[in-house]
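Every heavy atom of this structure was used, including side-chain atoms; hydrogens, water molecules and symmetry mates were not.
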Protein chains: 2
Amino acid sequence: MIVRYNKFVVQLDNITTIPNTCMLKRNPSLTEQAKLYIKQRIVNDEFEEGRIPSETTLANELGVSRTTIRDALSRLELEGAVYRKQGAGTFVNEAGLQIKTRLEEIWTYEDMLDAHGYSHAVEIISVEERPAPPRIAEALAIAPEAPILVAKKRFIADGRPVIITINHIPVNLIQTAWEQSDFSRPIYEFLAEKCRQHLAYYLSEIVPLVASPLLGPELGVTAGKTALLSFDEVGYNQENEPILCANSCFRDDMLRLRLIRRGAM
Amino acid sequence: MIVRYNKFVVQLDNITTIPNTCMLKRNPSLTEQAKLYIKQRIVNDEFEEGRIPSETTLANELGVSRTTIRDALSRLELEGAVYRKQGAGTFVNEAGLQIKTRLEEIWTYEDMLDAHGYSHAVEIISVEERPAPPRIAEALAIAPEAPILVAKKRFIADGRPVIITINHIPVNLIQTAWEQSDFSRPIYEFLAEKCRQHLAYYLSEIVPLVASPLLGPELGVTAGKTALLSFDEVGYNQENEPILCANSCFRDDMLRLRLIRRGAM
DNA sequence: TAGTGGTCTAGACCACGCT
DNA sequence: GCGTGGTCTAGACCACTAT
């Protein structure tokens with residue numbers, strides 16, 4: 001068991017082409033390793049006519065139970081990487097593989113810009129402490145006027161501004177000294193290092209905007225003429241407590257937002 | 001086993017408050033029934049302090065294996081109805097329960113409007129056969145200029161226009177006679193009845209728009225001033241073949257689009 | 001230390017597709 | 001009829017939380 005596990009890990013060390021997401025909790029289970037193993041073989045185009053070996057075959061090949069393989073394939077199916085036909089088999093989903101940064105998953109903006117093929121840079125516009133306005137206080141379940149840290153930054157893709165994002169974090173969550181430059185990295189790193197909080201999920205709301213005279217110039221588009229996409233998001237930790245309010249605004253002509261919508265089971 | 005199964009079904013007959021989604025394949029598995037059973041108890045607020053009984057307890061209570069209960073709870077967790085803390089228990093997710101029509105799932109517009117508390121009506125604007133323009137043909141994997149059926153309709157919520165949607169279906173999929181009024185019902189019903197095709201999932205792209213002089217009046221908003229949200233979607237059947245191109249445009253001031261974003265595992 | 005969820009196994013039976 | 005994925009079981013062990 002241990003030996004097999006180790007052999008498994010060694011195989012996985014060669015995997016470099018899988019796009020990285022930003023999440024933290026890493027404890028590679030057999031299921032997760034099986035998933036990566038299969039995904040690697042998919043991106044290497046090792047399966048003839050997109051046909052993936054049967055679950056039993058894969059289970060024997062990797063020396064794990066069929067259940068483990070099924071769980072791995074289920075995750076790949078959710079990601080849109082494969083699809084299954086009862087009685088027929090499991091197949092590579094070419095269309096689904098096109099979507100690199102699906103909206104239902106959390107991605108850093110850096111990863112999103114990478115996936116779109118842009119070079120990228122970050123500018124920190126401002127970091128200030130302020131009393132929480134009513135809406136933010138309510139979303140974060142803190143007292144009105146309680147102090148929050150407000151960090152505003154801008155992403156530049158291939159030299160053009162593309163995203164403005166404003167993060168709101170309750171000051172009482174912060175446990176360690178920080179400096180402005182900490183915000184040049186993704187916000188989940190700040191939460192992990194300075195607040196010992198781990199982002200589990202976002203509840204997000206999608207809102208279209210007409211570029212305002214303030215926002216338009218910041219994103220390099222004509223105010224009053226251009227439609228922008230914005231996200232209002234509340235981030236929760238693993239205890240289901242709100243720890244972050246984020247507000248982001250995109251140039252949709254540079255970043256396409258895609259997702260997979262399924263029938264509810 | 002059969003008896004238990006039946007008892008189970010009888011219990012479920014009383015469930016009426018669960019919002020209905022639009023999907024079709026119904027073959028209530030034990031897992032699905034367990035999910036509905038637990039969800040019903042959640043909406044009835046039967047759990048003190050939001051604490052859900054342990055997996056073992058539920059398994060004994062329903063006479064199924066713990067695996068079945070775990071699968072049911074996993075689905076509820078994905079839906080945002082519960083969250084789990086290892087070592088502590090499973091709990092009702094109050095914040096997640098607020099979101100009725102999550103974007104990652106397919107909902108009929110009727111259900112979305114219901115969930116927002118609107119009365120609703122549908123107007124069929126036009127139904128015509130046309131040669132497929134290049135983009136649509138490519139998305140549907142049919143020959144350019146191949147005939148498609150284009151159906152445009154408008155949804156009215158509380159007397160105000162709220163959604164314009166245009167569906168494109170390859171004519172060669174249609175197997176049965178139809179009439180214009182068939183389009184007053186959700187498109188998945190047309191696909192099921194007239195094309196014997198079952199919608200499995202959409203690949204969707206979200207695009208913000210500034211209301212154009214054409215679209216603005218149709219949705220009752222000022223052209224050139226108002227931002228609208230639009231969806232470009234390709235629907236696939238269970239064989240992973242594209243069967244539908246849909247184009248929808250919303251008044252976001254009337255309909256809020258929400259979703260849950262998670263860290264990739 | 002007791003109880004919870006997290007992972008994994010080995011095996012059973014079913015529904016469905018192919019040929 | 002054979003092989004595939006879909007469902008379900010009973011039980012094991014681990015990691016973590018609470019007390």
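- B/Asn44 contributes no side-chain N or O that, together with a main-chain N or O of B/Glu46, makes up a donor-acceptor pair within less than 3.5 Å.
- Following rounding to the nearest Å, B/Asn60 (CG) and C/dG3 (C1') show an atom-to-atom distance of 14 Å.
- Computed from coordinates, the B/Asp71 CG to D/dG6 C1' distance equals 11 Å when rounded to whole Å.
- For the residue pair B/Asn240 / B/Tyr201, a side-chain donor-acceptor distance below 3.5 Å is found, with atom types taken as modelled.
- Atom P of nucleotide D/dC16 and atom CD of A/Gln238 are separated by 11 Å, given to the nearest angstrom.
- Screening B/Lys39, B/Arg102, B/Lys100, B/Arg262 against B/Glu79 for a salt bridge (Lys or Arg N to Asp or Glu O under 4.0 Å) leaves a single residue, B/Lys39.
- Atom pair A/His198:NE2 and D/dC16:C1' shows a separation of 15 Å (rounding to whole Å applied).
- Here A/Thr90 lies in heavy-atom contact (under 4.0 Å) with sugar-phosphate atoms only.
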Where do N or O atoms of nucleotides 16-19 of chain C meet protein N or O atoms at under 3.5 Å, pair by pair?
residue, atom, partner, partner atom, Å
C/dC16, O4', A/Gln86, OE1, 3.3

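- A 4.5 Å side-chain heavy-atom check between A/Arg258 and B/Leu203 finds every atom pair outside the cut-off.
- Set against C/dG5, C/dC8, D/dT7, the side chain of A/Leu30 has C/dC8 as its closest nucleotide.
- An OP1 or OP2 oxygen of C/dT9 is reached within less than 4.0 angstrom by a side-chain nitrogen or oxygen of A/Thr68.
- Taking atom CD on A/Glu55 and atom C1' on D/dT7, their separation rounds to 11 Å, with Å as the unit.
- Side-chain atoms of B/Ser65 and B/Arg70 form no donor-acceptor pair, as typed in the model, at a separation below 3.5 Å.
- Between B/Leu58 atom CG and D/dC8 atom P there is a gap of 16 Å when expressed in whole angstrom units.
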Could you go through nucleotides 11-13 of chain C and list every protein N or O atom that sits under 3.5 Å from one of its N or O atoms, giving the distance for each pair?
none

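- Put simply, the residue from A/Ile174, A/Thr176, A/Asn237 that forms a side chain to side chain contact (heavy atoms under 4.5 Å, CB included) with A/Arg196 is A/Thr176.
- Taking atom CZ of B/Phe91 as the reference point, atom P of C/dG5 lies 8 Å away to the nearest angstrom.
- Using a 4.0 Å cut-off, some side-chain N or O of B/Arg84 falls inside it from OP1 or OP2 of C/dG6.
- Counting to the nearest Å, the C1' atom of D/dA10 and the CZ atom of B/Arg70 are 15 Å from each other.
- Within a 6.0 Å sphere centred on CD of A/Glu138, other residues, nucleotides and ligands contribute 12 heavy atoms or fewer.
- Expressed to the nearest 0.5 Å, how far CZ of A/Arg261 lies from CG of A/Leu103 amounts to 11.5 Å.
- When side chains are defined from C-beta on, B/Leu173 does not count as touching B/Leu149, because their heavy atoms never get closer than 4.5 Å.
- Checking the phosphate oxygens (OP1, OP2) of D/dC8, no side-chain nitrogen or oxygen of B/Ser65 falls inside 4.0 Å.
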